[in-house]
Amino acid sequence: MSLNKMTLDAMILGQDVDNSAWEALLHDSKREELWQAAVERREQINHFCKFAATWPKLAKSYRMMKSITKSDVKPPKLSCFDLFSYRNALQATMSGESNNGLDEFILNEIPWGSQRIVEIESPRHIKFKCERTINIYYEYDDKIGWITSEDSWELKQSEGPVILTFIDGEVNNDSSYSTAIEQANSVGGLVFLPNLK
């Protein structure tokens, strides 16, 4: 039996699946990778459902982003972390206390050529770390605009989610979003979704 995405998703959801699917998973040499990828896919589906139910207009923009993501052969490594957690951990380390959380990235590597939803507690002050400066197009509420990886982003619960489009390529003051995407070497998308507990 082949382990396709639908079968693995049904297994994660605890649905009635033929025993041969479980046997195939257990005998597969890449079972851990297959299972982890299936869990991550299910998390993304769950996040998107929550996102679309509460913010349908932004969810539509996110879905349209799928057609524009792309990746160059060697895009710059890009990650993001919570600036306040990092500062607190750094202060703790300098004062001789535990440095728990010093390397606590919100997302260790932002995926070029794809898009992702990350549910996080807010408020957060998000800082980007990149090998070189890249441009970031943001969209939230009814606001749009540009920042760079040198900037930071303050995520507030009251503002809802923010869609960030990471663009590795030339963007000048006159560039439109569509022109920047068209001329970019790599494009990746990320949604910071406030936790609605």
Side-chain angles (χ1 to χ4, degrees), residues 9 12-13 35-66 68-69 71 75-93 97-131 133-168 186-197:
D9 194 46
I12 286 169
L13 292 172
W35 190 254
Q36 184 62 36
V39 168
E40 288 174 6
R41 266 193 314 275
R42 171 45 48 191
E43 286 175 349
Q44 287 298 298
I45 292 168
N46 292 345
H47 290 329
F48 181 75
C49 290
K50 188 185 297 185
F51 181 36
T54 311
W55 297 279
K57 182 180 171 192
L58 283 175
K60 184 177 179 184
S61 293
Y62 175 76
R63 291 304 295 166
M64 290 190 319
M65 184 192 298
K66 189 171 191 159
I68 61 166
T69 56
S71 182
K77 187 170 180 183
L78 175 64
S79 57
C80 59
F81 58 93
D82 180 10
L83 192 57
F84 293 139
S85 295
Y86 188 80
R87 284 182 182 158
N88 291 342
L90 189 58
Q91 288 171 347
T93 301
E97 298 171 20
S98 169
N99 69 341
N100 289 343
L102 184 58
D103 296 322
E104 185 183 312
F105 284 91
I106 293 171
L107 196 57
N108 195 32
E109 191 164 350
I110 293 170
W112 293 103
S114 65
Q115 57 192 52
R116 196 154 177 202
I117 300 173
V118 179
E119 187 174 15
I120 61 175
E121 299 286 332
S122 60
R124 290 281 183 112
H125 199 109
I126 298 162
K127 184 71 180 152
F128 306 98
K129 182 178 178 184
C130 191
E131 297 170 343
T133 302
I134 61 154
N135 296 286
I136 305 168
Y137 181 82
Y138 65 82
E139 181 179 357
Y140 71 99
D141 203 8
D142 283 326
K143 300 170 183 69
I144 57 172
W146 292 97
I147 59 174
T148 71
S149 54
E150 300 293 315
D151 298 312
S152 59
W153 187 269
E154 191 170 347
L155 184 67
K156 299 176 185 173
Q157 185 85 23
S158 61
E159 294 176 344
V162 60
I163 300 175
L164 301 176
T165 306
F166 300 92
I167 301 170
D168 179 30
S186 298
V187 178
L190 185 62
V191 173
F192 285 124
L193 182 64
N195 192 322
L196 298 175
K197 287 181 182 175

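Only a predicted model underlies this, so the values are computations on that prediction, with no experimental measurement involved.
Lys66 NZ: 12 or fewer foreign heavy atoms inside a 6.0 Å radius. Around CD1 of Ile147, the count of heavy atoms belonging to other residues, nucleotides or ligands within 6.0 Å exceeds 12.
In plain terms, the two heavy atoms of Val191 and Pro161 that are nearest each other are CG1-CB, 4.1 Å. Shortest non-hydrogen contact noted between Asp142 and Lys57 is OD1-NZ, 3.0 Å. Taking every heavy atom of both residues into account, Ser149 and Lys127 meet most closely at O-NZ, 4.2 Å. Between Thr148 and Asn135 the shortest heavy-atom distance is CG2-OD1, 3.9 Å. Taking every heavy atom of both residues into account, Glu131 and Pro75 meet most closely at OE1-O, 4.5 Å. Nearest heavy-atom pair, Ser61 versus Glu139, reported as atom, atom and distance to 0.1 Å: OG-OE2, 3.0 Å.
Side-chain contact check for Glu40 and Gln36: at least one donor-acceptor pair (N or O, by modelled atom type) lies under 3.5 Å.
Taking CD1 of Ile110 as the start and CZ of Phe166 as the end, the distance is 3.5 Å to the nearest 0.5 Å. The CZ atom of Arg41 sits 11.5 Å away from the CD atom of Glu43 when rounded to the nearest 0.5 Å. Of the inter-residue distances, the one linking His47 atom NE2 with Arg116 atom CZ reads 8.5 Å to the nearest 0.5 angstrom. Of the inter-residue distances, the one linking Thr165 atom OG1 with Ile134 atom CD1 reads 10.5 Å to the nearest 0.5 angstrom. Rounded to the nearest 0.5 angstrom, Ile45 CD1 and Ile12 CD1 are separated by 9.0 Å. Here Trp153 contributes atom CH2 and Leu164 contributes atom CG; the two are 6.5 Å apart, rounded to the nearest 0.5 Å.
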Derivation and outcome, side-chain contact (heavy atoms from CB on, under 4.5 Å), residues Arg42 and Asp9: CA-CA 7 Å; Arg42 171 45 48 191; Asp9 194 46; 2.6 Å; yes

Steps toward side-chain contact (heavy atoms from CB on, under 4.5 Å) verdict (Phe192, Cys80): CA-CA 11 Å; Phe192 285 124; Cys80 59; 3.8 Å; yes

Audit row: Tyr62, Phe48, side-chain contact (heavy atoms from CB on, under 4.5 Å) steps and yes/no: CA-CA 9 Å; Tyr62 175 76; Phe48 181 75; 3.7 Å; yes

Stepwise side-chain contact (heavy atoms from CB on, under 4.5 Å) test for Ile163 and Gln115: CA-CA 10 Å; Ile163 300 175; Gln115 57 192 52; over 6 Å; no

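Remark: Glu119 engages Lys50 in a salt bridge, criterion side-chain N to carboxylate O under 4.0 Å.
Between Phe128 and Asp151 there is no side-chain heavy-atom pair separated by less than 4.5 Å.
Aromatic ring pairs are classed by plane angle as parallel below 30°, tilted from 30° to 60° and perpendicular above 60°; the pair Trp55 and Phe51 is tilted. Taking the six-membered ring where the residue is Trp, Trp146 and Tyr137 present perpendicular rings, their angle passing 60° and hence far from 30°.
One N or O on the side chain of Trp112 and one on the backbone of Pro76 form a donor-acceptor pair closer than 3.5 Å.
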